[in-house]
Student: 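The structure follows.
Numbering of ligands and ligand atoms starts at 1, following listing order. Values below: every heavy atom of this structure, side chains too, minus hydrogens, waters and symmetry copies.
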Amino acid sequence: MDFELSETQALVVKSARDFVERRLRPAAAELDREARFPTAELAGLAELGLMGVNIPQALGGAEAGVIAYALAMMEVARGCASTAVTMAVTNMVGEVITRFGTPAQRQAHVPKLTSGEHTAGAFALSEPGAGSDPVGMTTSAVRGDGGWIVNGQKQWITSGSKAGVMVLWARTDAPDERRGAKGISCFLVPRGARGLEIGKHEDKLGLRASETVSLAFTDCFLPDDALLGDLHDGFKIAMMALDGGRIGIASQAIGIATAAFEEACGYARDRKQFGKPIADFQAIQWMLADSQTELDAARLCTLRAAQLKERQVPRFSREAAIAKLFASESAWRICDRALQIHGGYGYVKDFAAERHLRDVRVTRIYEGTSEVQRIVIARSRLS
Ligand SMILES: Cc1cc2nc3c(=O)[nH]c(=O)nc-3n(C[C@H](O)[C@H](O)[C@H](O)COP(=O)(O)OP(=O)(O)OC[C@H]3O[C@@H](n4cnc5c(N)ncnc54)[C@H](O)[C@@H]3O)c2cc1C
């Protein structure tokens, strides 16, 4: 076991951190206030190779590995959580197409995602009636002349209107012969596909500069070569993608919590009450000590899961779920303590503490709620 970063990993962290200090941290409050999609910031990340950290150089990626990706995500989320989630989904989509796509599909989409020619990628799994249980999806793709006809609704799709390409899941089994998880397939949908309508833009508690939309598919035609992976193999692809995605969201939670923690330390040193800095009070020190401990533990869990994925072990679902569960739950506590340390000033927008608390909340919900992570962990021990 080696806790030292490789030269490549250190370089990725350094370039992400420089960008965060120069461009992201100064912009984050305004992006949040104006709920402005971070188009320029995402282009900056693409220039640094951060839209394809774990994607081969031949496809325009940085080919720096999963650990480098997790570390970069921690840095970017420390600067702006909204930019970070958009980066996370784009990296995930690039990886899914790289892994399951044909050479033509890879060439058509991945270099555009990594270079920033596509502003973002989108991952369309959830539906109004199917969140924790995606097998309950009803969106269907029915065989038509030379392709597939898609009908249905998707819900909560990050970057749904901005994405140059979307990975879409739909039922491909016959209505009278439902095959459960084995009747779902995966498709690539280009931006502006006819029959795809962008619905409601969600007005969110946090991550306000990221885009979350619903999508309606009405007789949307997709050609044969839009099928990603094998027919009826889509659920497996989704679960594999989510294992990796959970490492990204754990890292995002850690990044947000790191920002909150660092700011709380600074505030505790500056703020005086009873004639001394509040950092001198043991109650404050204990909050900071608990936060530092949880941050370290979350980092270790997350980097362990990242290392397993990097080593290409066949399954790392349990470790990814542990990382996501522990990092998101502890990040929530860390951001809450940071706000508490700011007292009344934490509750208003003069400081970033309230934004961090709003932003971090969703990490306990998306890419599988904390309850779903517990199901994955418990099943892996009991089955
Ligand atoms: C900002 C945002 C961005 C998102 N981005 C995307 C995206 O890009 N692509 C995408 O496909 N989806 C996306 N999602 C959807 C997200 O993954 C779902 O919201 C999540 O999986 C939960 O589904 P749900 O909201 O339908 O809740 P439900 O599944 O209805 O769950 C409601 C509650 O019941 C609990 N619950 C459900 N089943 C069980 C069970 N068996 N045991 C115990 N408790 C259970 C849940 O944990 C939760 O507390 C996004 C969501 C948000 C909020």
Student: Less than 6.0 angstrom from the centroid, inside 45 degrees of the normal: does K154 satisfy that with respect to the ring of F217?
Tutor: no

Student: Tell me the residues surrounding ligand 1, counting only those with a heavy atom closer than 4.0 angstrom, sorted by chain and number.
Tutor: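 Shell around ligand 1 (4.0 Å, heavy atoms): F123, L125, S126, G131, S132, W156, I157, T158, K204, T212, V362, I365, Y366, E367, T369, E371, I375.
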
Student: What about the rings of W169 and F123, do their centers lie closer together than 6.0 Å?
Tutor: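 They qualify: ring centres under 6.0 Å apart.
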
Student: Can D203 and R208 be counted as an ion pair, charged N to O under 4.0 angstrom?
Tutor: yes

Student: Who are the side chain to side chain donor-acceptor pair (under 3.5 Å) partners of S185, not counting sequence neighbours?
Tutor: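 Counting only residues at least two positions away or on another chain, S185 forms a side chain to side chain donor-acceptor pair (under 3.5 Å) with T172.
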
Student: Using a strict cut-off of less than 4.0 Å between a Lys/Arg side-chain nitrogen and an Asp/Glu carboxylate oxygen, indicate whether R179 and E177 qualify as a salt bridge.
Tutor: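 No.
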
Student: Is the distance from the ring center of F221 to that of W148 below 6.0 Å?
Tutor: no

